[in-house]
Amino acid sequence: MTDTIFAKASGAGQAAVAVLRLSGAATASVVRRLAGRLPEPRRASLRRLRDPGDGEVLDQALLLWFPGPASYTGEDSAELHLHGGSAVVVAVAEALVRLGCRPAEPGEFTRRAFLHGRMDLTQAEAIADLIAAETAAQRRQALRQADGALARLYGGWTERLTRILAQQEAAIEFEMDDLPTDVADRAREAAAALAAEITAHLADGRRGERLRDGLSIAIIGAPNAGKSSLLNALAGREAAIVSPIAGTTRDVVECRLVLAGVPAVIADTAGLRATIDAIEQEGVRRAIKRAEEADLVIGAFAADAGPDAETLALLRGAPETILVATKCDLGAPPVLERSATMIATSAITGEGLPALRAALEAAALRQAGLGDAPFLTRARHRAALEEAAQQLDQARSAPLPELAAEGYRAALLAIGRVTGRVDVERILDSIFRDFCIGK
Ligand SMILES: Nc1nc2c(c(=O)[nH]1)N(C=O)[C@@H](CNc1ccc(C(=O)N[C@@H](CCC(=O)O)C(=O)O)cc1)CN2
Ligand SMILES: Nc1nc2c(ncn2[C@@H]2O[C@H](COP(=O)(O)OP(=O)(O)OP(=O)(O)O)[C@@H](O)[C@H]2O)c(=O)[nH]1
C-alpha cells in the first residue's frame, strides 16, 4: 500500500486561505478522524477540524473529498482549505502526521497521477510548465501540452511503430518458413513515412523550446552608439547607465521583456572596440559571446556616424538581426546598401521606438510563436526523437531482417522514453525533481 501524502498546495507566505492536499489509500479514514463523516464527492463542505488526540478544534475549514480513481492523482484524495495563518497550517499538518500521513516530495502528486495512468510524461511536464508560465503564449503552449497534444502525437507514433515492429517480426517468421512475402517492404515504407514525420517535427526551428525558455536578444555596437539608451527605452526604466563617456557599459546588463506573449531577455553589452583596459576587454569578450549565442541581435550605430565594420561582422553570424540607427534626432540615417531591416530611432524624441518594438514582436512570433501543430518543448524530447529518427533510418537500410527489427525496437524505446510508456524509472527523478512541493 502506498503512503498517504500531504502538502500545502497553495503558495508560501501568509495568505487568506491555505490549501492542504492529501492523497493515498488512508485519505478517507484520515479525513474522518479529522473532520467527521466524508462529504459528498467533489462538493465543498464546511467542517470543524479537530485534533485527533484531545479533540481541540484546530480550524474551521472547507473540505473536499475526491474518491479515486476520479481524482487528480487517480487515488483517493482530499483538500482542506484552511485559514492561511502559519500556525493553523502547522497544527493541521502535525495532526496529519500523527494520523500516519507524510509530507509529499516535490512533484509527488503529479508523479502519482502519471503512475496511475492519468497522464503521460509530456503532460506531467506541461503541468510544471503551466505553474512556471509567465506569459500568455507560454500559458497557451503549456495548456495545450497538458491537454495531451504531444501525448496524442507521440502516442500515435508509438502505435504505428509497434505495428511496424510486429510486421517486421512476422516477416522474419515468414522468411524462416520460406514463405514469399512483402511484409518487410511494407514495414520499411511505413518506417520511411514515420521517419519523415519525426524529422519534420524536429525541424521546428526550436520554436517550442524558445517559447518555454525565453528568447535571447543582444544589443551590440560601437561605444557611445546609444545601446544603453535603447535598452532603457525598450525596458521602460533606467536599467543601464547612460553617459557621454565611451566605454561606460562593461558588463552585460539584462532586462526581461514580453514580446507578443513571448518572454525575452534583452542584453545591453559593452561597446565593441580595441582597448588596453583589461576590464573593458573582458566586457567586449562578453559582448561578442552574447551576440554569438543570441536568437536575435540588434546592431546599433549612431545615425550621424554610420555602422562600423566590427558590428556588421558580428551581425553576420546571427540567426536574425535588426539594424538600428540611433540618435536620428541628430542627423538623417545613412542609406545602406544591404537589404537588412534598418530602423531609425531616437531615445530623446521617441521616434522609431514603436517600429522597433513591432519588429521585435514580429521576430518573437516568428521564432517562438504558436502554430497549428504542437511544438517540441524540451531538449529531453528532442534528443529522444532524434535517436528514434536515426534508428528508423538505420533499420530501413539494415542488411538483415533481425537488425531491422532491432532498430524498430530501439526507435520504439526512444519515443517511449518521451511519453513514459517504456523504461521510465530512470528518467522520472530528473523530471519530478524540478517540481515544487504540493504539486
Ligand atoms: N483546489 C484545486 N484547484 C485546482 C487543482 C486542484 O487539484 N485543486 N488542480 C490540480 O492540478 C487544477 C485543476 N485540475 C484538476 C484535474 C483533475 C481533477 C479531478 O478531480 N479529476 C477527476 C474528476 C473530474 C470531474 O469532477 O468531472 C477525473 O478527471 O476523473 C481535479 C483538478 C487547478 N486547480
Ligand atoms: N541626441 C541623442 N543622444 C543620444 C541618444 N541616445 C543616446 N544618446 C547619448 O549618447 C551618449 C551615449 O549613450 P549610451 O546609451 O550610454 O551609449 P552606449 O552605446 O551604451 O555606450 P557605451 O556604454 O560606451 O558602449 C549619451 O550621452 C546619450 O545621452 C539619442 O537618441 N539622441
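What you see is a predicted model, and the numbers here were worked out from it, not measured in a lab. Indexing begins at 1, ligand by ligand and atom by atom, following the structure's order.
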Open item on the list: Check Arg98 with Asp51, please: is the shortest side-chain N to carboxylate O separation under 4.0 Å?
Closed with: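 The answer is yes: the pair qualifies as a salt bridge.
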[X] versus ligand 2: do any nitrogen or oxygen atoms come within less than 3.5 Å of each other?
{"X": "Gly226", "value": "yes"}
{"X": "Lys227", "value": "yes"}
{"X": "Ala347", "value": "yes"}
{"X": "Ser228", "value": "yes"}
{"X": "Lys327", "value": "yes"}
{"X": "Ala225", "value": "yes"}
{"X": "Gly247", "value": "yes"}

Could you pull out the closest heavy-atom pair between [X] and [Y], with the gap in Å?
{"X": "Glu79", "Y": "Val19", "answer": "OE1-CG1, 3.9 Å"}
{"X": "Pro374", "Y": "Leu150", "answer": "CB-CD2, 3.9 Å"}
{"X": "Gln123", "Y": "Ala146", "answer": "NE2-O, 3.1 Å"}

[X] neighbourhood, listing ligand 2 atoms whose heavy-atom distance to it stays under 4.0 Å:
{"X": "Pro223", "answer": "24 (O), 25 (O)"}
{"X": "Ala246", "answer": "24 (O)"}
{"X": "Thr248", "answer": "22 (P), 23 (O), 24 (O)"}

- [ ] Identify, for atom 2 (C) of ligand 2, the protein heavy atom at the shortest distance, and state residue, atom and that distance.
- [x]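 Among all protein heavy atoms, the one nearest atom 2 (C) of ligand 2 is Ile348 CG1, 3.4 Å.
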Open item on the list: Quick test: of every protein heavy atom, which one is nearest to atom 23 (O) of ligand 2, and how far off is it to 0.1 Å?
Closed with: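 Result for atom 23 (O) of ligand 2: Thr249 N, 2.8 Å.
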Task: Heavy-atom donor-acceptor pair, Arg118 side chain to Pro69 backbone, under 3.5 Å - done: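 Answer holds: yes.
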Using heavy-atom distances, let me know which of [options] sits nearest [atom].
{"atom": "atom 32 (N) of ligand 2", "options": "Thr349, Val284, Thr345, Asp329", "result": "Asp329"}
{"atom": "atom 6 (N) of ligand 2", "options": "Ala303, Cys328, Ser229, Ala240", "result": "Ser229"}
{"atom": "atom 21 (O) of ligand 2", "options": "Ile241, Leu272, Asn224", "result": "Asn224"}

Would you mind running through ligand 1 and noting each atom that sits below 4.0 Å from a heavy atom of [X]?
{"X": "Glu79", "answer": "1 (N), 2 (C), 6 (C), 7 (O), 8 (N)"}
{"X": "Arg118", "answer": "21 (N), 22 (C), 28 (C), 29 (O), 30 (O)"}
{"X": "Arg21", "answer": "6 (C), 7 (O), 10 (C), 11 (O)"}

Ligand 2 contacted by [X] (non-hydrogen, < 4.0 Å):
{"X": "Leu230", "value": "no"}
{"X": "Thr326", "value": "no"}
{"X": "Gly221", "value": "no"}

Does ligand 2 have a heavy atom under 4.0 Å from the side chain of [X], from its backbone, from both, or from neither?
{"X": "Ser346", "value": "both"}
{"X": "Leu330", "value": "side chain"}
{"X": "Ile245", "value": "backbone"}
{"X": "Ser243", "value": "backbone"}

Between the side chains of [X] and [Y], does any donor sit under 3.5 Å from an acceptor?
{"X": "Arg21", "Y": "Ser23", "result": "no"}
{"X": "Asp120", "Y": "Thr122", "result": "yes"}
{"X": "Tyr408", "Y": "Thr162", "result": "no"}
{"X": "Thr377", "Y": "Gln145", "result": "yes"}

Answer yes or no: are there more than 12 heavy-atom neighbours, outside [X] itself, under 6.0 Å from its atom [atom1]?
{"X": "Arg256", "atom1": "CZ", "answer": "no"}
{"X": "Leu330", "atom1": "CG", "answer": "yes"}
{"X": "Ile241", "atom1": "CD1", "answer": "no"}
{"X": "Arg102", "atom1": "CZ", "answer": "yes"}

- [ ] From the options Ile415, Leu194, Leu165, select the one residue that forms a side-chain contact (heavy atoms from CB on, under 4.5 Å) with Arg160.
- [x]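 Single pass found, and it is Leu194.
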Task: Ser71, portion touching ligand 1 at heavy-atom distance under 4.0 Å - done: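 The part of Ser71 near ligand 1 is the backbone, not the side chain.
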Output a table of donor-acceptor pairs, distance under 3.5 Å, between side-chain atoms of residues 28-39 and any protein atom two or more places apart or on a different chain; print 'none' if there are none.
unit_1, atom_1, unit_2, atom_2, d
Ser29, OG, Ala26, O, 3.0

